[in-house]
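Please read these numbers as outputs of a predicted model, since none were measured by experiment.
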Amino acid sequence: MELDVPLRTWGRIGVAFVGAVLSSSLLQSFPTFEPILLDRRPARGAGLFSELCNSTGPSLPLNDTRLDACQPQLDEATQLYSISLGLSVATSLLTGWLYDVMGPRASVVLGALLTSAGLASLTLGLGDPGGNWLVWAGSSFADCAGSMVSMAMFGFIWHVPRHQAMLTALVASATGLSSYMAVAANWLVSLGMRPRNVWLVFAAGALLSAGILALSAVSRAELHERATAITGVSSKSTAASVPAAVRDVLRVWRGSSPAVLWLFFAYTCATYVMFGSWSANYVSLLNALLPKGDDAARLVAAFALVSGLLGALTHPLLTGYLFDRIGIRLFLLVTNLGMLALLTLMPIPSYAAQLAALVLGVQTTYAWAVCVMNWAVAIVPPSLVGTCVGLMFAAAGLLQMAAVACQDQVARALGARTKLQTIIRPIMLYGSVALLLGAAVSAATARRMPLRPDSAKPGGAINAEGEPDDGCLGAGRLDQALLGEPAGS
């Protein structure tokens, strides 16, 4: 099998990337959206949740002109962001199964159309306290549907077998650059556009995304043909339901290296809980650490900028390339070191320290996502990749939602007495657990992932009896570049 990638394939991947950017993660830079959502001045914001304010309320230092909003608004917006983000991950199991069953093209086009509908619903709810339920529903719906669109490039995974980590990095990159649209939203408002109309523009962009992806994304038949040619294993999903697909994934896990796999599963969940808690409390954390001046405002404005630029520029070239070169064991070590640095910088009340923490947090989150997706590609057959990725993200999302809901109780159990301690201490706890699990995974994981090097069969196939075929995992004895091994090993 020829593993070189034609130039037209890279061009097609680029077009699909643009389509994914337009609708895959518009709401994940929520901290940057908060000013135009919450500000009670009609020219600056939509006044979302303003009915929670007892009076005009104190202004909050979220931008250089100060935000006309009250703290209860900010708290409610944090809950909205946390629940929407958690639901988007919790429904990843369903979207992953749809990816396996429908194929990349049909599933991502459906996701883009549903994202547009969710953004339109959010727009209808703005400006009327009685329509807040539309904001909650639309935000959650758009986030969940957007996670389907983020899989647009994942369909090319068997088109670029020598660069799979770079391809999965592009999946996360589309998410990061999509979140950069928050900067465009603030720019449109500064030009005089009504905040409510900004969301209509984004809804139209999601419709355009559906058209682009319909022309560029990989079809189910094409995925089946390419994956079968590369791995020798059918990519057609035979699971008639989500539970059936999950059972198939768990059978593969039990037939391979269950201790390492479940350890990695726990690491995935703990890491996402830590990152999710940090991003959900980001604005409140900055206001507690940097209450004076406009440092907090500058960092909030930088959130989408850093997410977008790191995602679009450095992530595929640095993170994906590094994974392809050094393999998962060393890559996990680098990721854990980044997480440790983030936890070290997080409590420091300094603009420079918080800027460095922001860069580290975004980059390490992307690196974690690459680990999860490449692990799934190596562990299960092509017909279960979407379900496997979805299972991991779904469990992590549910735990993250529980962590946000129980944050005050966890903080009290940890002896927190101030607002800052209430935010910081739970995040530190989750991060410490993730680091311990990450160290254990890194020590237990073979350099080429938990693959059997003596296996003669490619793919983690399931035989006719529904059992793992020969205990074989992932891509078998395929080219070492596909396995994520260090070059020259």
Side-chain angles (χ1 to χ4, degrees), residues 30-31 34 38 49 51-54 57-58 60-62 67 69-90 132 136 140 266-292 295-296 299-300 303 336 339-350 353-354 357-358 360-361 364-365 368 394-439:
F30 199 85
E34 283 186 335
L38 302 183
F49 304 134
E51 70 278 3
L52 299 176
C53 303
N54 295 324
L60 298 172
L62 294 186
L67 182 70
C70 61
Q71 186 62 42
Q73 281 181 277
L74 182 59
D75 293 340
E76 190 75 359
T78 298
Q79 288 295 317
L80 172 63
Y81 170 69
S82 301
I83 292 175
S84 295
L85 181 60
L87 284 173
S88 72
V89 181
N132 283 351
W136 282 89
S140 300
Y267 167 72
T268 295
C269 293
T271 304
Y272 187 80
V273 168
M274 191 277 289
F275 284 129
S277 298
W278 170 66
S279 58
N281 288 282
Y282 189 67
V283 174
S284 297
L285 173 64
L286 292 180
N287 284 332
L289 284 171
L290 305 170
K292 298 180 180 180
D295 284 349
L299 287 166
V300 169
F303 189 92
N336 291 336
M339 193 188 313
L340 177 61
L342 169 63
L343 293 172
T344 302
L345 292 169
M346 194 181 298
I348 300 176
S350 157
Q354 292 307 310
L358 174 59
L360 277 170
T364 308
T365 303
W368 164 82
L398 290 172
L399 284 175
Q400 191 263 340
M401 291 173 63
V404 170
C406 299
Q407 177 175 304
D408 291 342
Q409 292 87 335
V410 173
R412 282 197 297 268
L414 296 173
R417 292 184 174 84
T418 66
K419 178 69 173 177
L420 179 59
Q421 291 174 350
T422 299
I423 298 171
I424 285 283
R425 291 190 179 183
I427 298 175
M428 290 294 180
L429 173 64
Y430 307 144
S432 298
V433 172
L435 283 173
L436 288 174
L437 291 170

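A distance-only check finds a donor-acceptor pair linking the side chain of Ser279 to the backbone of Gly276 [under 3.5 Å]. Side-chain atoms of Gln354 come within 3.5 Å of backbone atoms of Ile348 as a donor-acceptor pair (strictly under, hydrogens ignored).
Residues passing the side-chain contact (heavy atoms from CB on, under 4.5 Å) test with Leu398, sequence neighbours excluded: Ala90. Thr344 pairs by the side-chain contact (heavy atoms from CB on, under 4.5 Å) definition with Leu340, not counting sequence neighbours. Residues forming a side-chain contact (heavy atoms from CB on, under 4.5 Å) with Ala411 (at least two apart in sequence, or on another chain): Ala416, Thr422, Pro426. Taking the side-chain contact (heavy atoms from CB on, under 4.5 Å) definition, one finds that Ala288 meets it with Leu420, sequence neighbours left out. With sequence neighbours excluded, no residue forms a ring pair (Phe, Tyr, Trp, His ring centres under 6.0 Å) with Phe275.
Between atom OG1 of residue Thr364 and atom CH2 of residue Trp368 there is a gap of 12.0 Å, rounded to the nearest 0.5 Å. Interatomic distance, Leu343 CG to Ile424 CD1, rounded to the nearest 0.5 Å: 9.0 Å. The structure places CG of Leu399 at 5.0 Å from SG of Cys269, a figure rounded to the nearest 0.5 Å. Separation of atoms OG1 (Thr365) and CH2 (Trp278) is listed at 6.0 Å; rounding is to 0.5 Å. Atom OG1 of Thr271 sits about 7.5 Å away from atom CG of Leu437, to the nearest 0.5 Å. Separation of atoms CG (Leu414) and CD (Gln421) is listed at 10.0 Å; rounding is to 0.5 Å.
Counting only residues at least two apart or in different chains, side chain to side chain donor-acceptor pair (under 3.5 Å) contacts with residues 405-420 comprise Asn281-Gln407.
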| request: Show the numbers, then the answer: is there a side-chain contact (heavy atoms from CB on, under 4.5 Å) between Glu76 and Asn132? | output: CA-CA 11 Å; Glu76 190 75 359; Asn132 283 351; over 6 Å; no
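In terms of heavy-atom proximity, Asn336 sits nearest to Ala439 at ND2-N, 3.7 Å. Nearest heavy-atom pair, Leu290 versus Ser350, reported as atom, atom and distance to 0.1 Å: CD2-N, 3.8 Å. Minimum interatomic distance between Tyr267 and Ala434 (heavy atoms only, all atoms of both residues): CD1-O, 3.4 Å.
Residues Met346 and Leu285 have side chains in contact (heavy-atom distance under 4.5 Å, counting atoms from C-beta outward).
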